[in-house]
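The structure appears below as structure tokens.
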Amino acid sequence: MIKIYMSPSCLSCRKVKSYFIKENIPFKEINILKHEISVDELKEMLNKSLDGTDEIISTRSKVFKEENVDLESMSIQELCSFIKEHPSILKRPIIVDDNKIQVGYNADEIEIFQKAKRIANDNCKKGVCENYEECDHRFKEPSLPCKECDLHSNKK
């Protein structure tokens, strides 16, 4: 399942959300200002990032400047604690899927998620759904796509 870490006031976040809704791509919306991001979620972002903290941390943010943050001297644990205390330091939106992250809204780059949806739909047509475990309505047989929800169906 694709997760979008966002804040309601962010224009780029609203564009990404609109795109995913319009294209009927299932996602989980996570408001970074209300949801306490776990250490595991932060580590997942960092592990999938090509540029590490440079990709997800906004060095132009008010918190970054006020706190005089030195990312190079922080351990991973210290960094995660700091982000949990100050989630507004994260760039937005951060889109996370099984293999990668994308930060910000870029109309061309976001097309990769449309391709992921087509692959998932093709697998469902074949009776094999790679995202089977994420469906709350799953059948007992893991080789069957879910017929109860849109997550794994071929409904338009």
Side-chain angles (χ1 to χ4, degrees), residues 1-123 128-138 142 146 149-152:
M1 167 78 57
I2 295 171
K3 296 176 275 186
I4 304 174
Y5 294 87
M6 59 192 314
S7 65
S9 62
C10 169
L11 179 60
S12 292
C13 297
R14 292 193 305 264
K15 286 181 180 179
V16 165
K17 184 178 174 180
S18 293
Y19 175 85
F20 276 73
I21 290 169
K22 181 180 128 228
E23 296 297 329
N24 197 27
I25 300 172
F27 67 94
K28 179 179 179 181
E29 178 180 347
I30 301 166
N31 181 337
I32 65 166
L33 304 178
K34 290 187 178 181
H35 167 81
E36 185 175 327
I37 301 171
S38 72
V39 171
D40 287 340
E41 288 172 303
L42 292 169
K43 285 181 179 178
E44 177 185 23
M45 287 179 208
L46 289 168
N47 285 333
K48 292 177 180 178
S49 168
L50 296 176
D51 298 324
T53 57
D54 290 344
E55 190 166 9
I56 67 168
I57 301 293
S58 174
T59 56
R60 296 185 300 166
S61 72
K62 184 178 177 183
V63 172
F64 189 88
K65 292 175 181 174
E66 285 178 354
E67 298 288 326
N68 199 21
V69 179
D70 180 10
L71 296 174
E72 300 299 318
S73 68
M74 289 182 163
S75 68
I76 293 294
Q77 196 61 40
E78 290 170 330
L79 176 65
C80 290
S81 294
F82 186 79
I83 294 171
K84 285 177 70 160
E85 278 181 53
H86 308 283
S88 64
I89 198 169
L90 289 173
K91 291 180 181 177
R92 294 179 287 274
I94 299 176
I95 308 166
V96 181
D97 75 2
D98 292 336
N99 304 308
K100 63 194 162 306
I101 69 168
Q102 178 180 324
V103 179
Y105 176 76
N106 179 313
D108 294 331
E109 290 178 9
I110 206 162
E111 290 293 322
I112 60 175
F113 293 100
Q114 183 66 3
K115 181 180 176 185
K117 177 189 168 202
R118 283 193 297 273
I119 291 168
N121 283 342
D122 288 346
N123 286 334
V128 179
C129 184
E130 293 175 358
N131 298 316
Y132 171 80
E133 292 300 322
E134 296 172 11
C135 178
D136 292 331
H137 306 105
R138 57 187 170 266
C146 178
C149 68
D150 290 336
L151 182 60
H152 305 112

N/O donor-acceptor pairs under 3.5 Å from side chains in residues 1-9, not counting sequence neighbours:
| unit_1 | atom_1 | unit_2 | atom_2 | d |
| --- | --- | --- | --- | --- |
| K3 | NZ | E44 | OE1 | 2.8 |
| Y5 | OH | E41 | OE2 | 3.0 |
| S7 | OG | R92 | NE | 3.1 |

Discussion item. Between V39 and Q77, does the side chain to side chain contact (heavy atoms under 4.5 Å, CB included) criterion hold? Intermediate values first, please.
Written reply: CA-CA 8 Å; V39 171; Q77 196 61 40; 4.2 Å; yes

Fill in: Reported OG-to-CD1 distance for the pair S81 and I76, which is rounded to 0.5 angstrom
11.0 Å

Discussion item. Within this structure, what is the CG-CG distance for the pair L42 and L90, rounded to the nearest 0.5 Å?
Written reply: 6.5 Å

Worksheet item: Can you check side chain to side chain contact (heavy atoms under 4.5 Å, CB included) on D70 and M74, steps first, answer last?
Response: CA-CA 7 Å; D70 180 10; M74 289 182 163; over 6 Å; no

Practice prompt. Can you see which heavy atom on P93 is nearest to which on S12, and at what distance?
Written response: CD-CB, 3.7 Å

Discussion item. Within this structure, what is the OG1-CD distance for the pair T53 and E55, rounded to the nearest 0.5 Å?
Written reply: 10.0 Å

Fill in: Between CZ on residue F27 and NZ on residue K17, distance to nearest 0.5 Å
6.0 Å

Item to complete: Taking all heavy atoms of I37 and all of M45, pick out the closest pair and write down the distance.
Response: CG2-CE, 4.5 Å

Worksheet item: If you measure from OH on Y105 to OG on S18, what distance do you get to the nearest 0.5 Å?
Response: 8.5 Å

Discussion item. I need the I25 CD1 to I95 CD1 distance, nearest 0.5 Å.
Written reply: 9.5 Å

Discussion item. Quick one, I94 with I32, criterion side chain to side chain contact (heavy atoms under 4.5 Å, CB included). Give me CA distance, side-chain angles, the key distance, then yes/no.
Written reply: CA-CA 10 Å; I94 299 176; I32 65 166; over 6 Å; no

Worksheet item: Looking at K48 and I101, what are the two nearest heavy atoms and their distance?
Response: CB-CG2, 3.7 Å

Response to the item:
Here the pair of heavy atoms bringing L46 nearest to G52 is CD2-C, 4.0 Å

Fill in: Main-chain N/O of G104 paired with K15 side-chain donor or acceptor, under 3.5 Å
no

Item to complete: Quick one: list whatever passes salt bridge (charged side-chain N to carboxylate O under 4.0 Å, His left out) with K84, sequence neighbours left out.
Response: E36

Fill in: Nearest non-hydrogen partners of E78 and S73, listed with the distance
OE1-O, 3.8 Å

Practice prompt. Using atom types as modelled and distance alone, determine if a side-chain donor or acceptor of N106 lies under 3.5 Å from a backbone N or O of E109.
Written response: yes

Item to complete: Take I57 and V69 through the test side chain to side chain contact (heavy atoms under 4.5 Å, CB included) and record every step on the way to the result.
Response: CA-CA 11 Å; I57 301 293; V69 179; over 6 Å; no

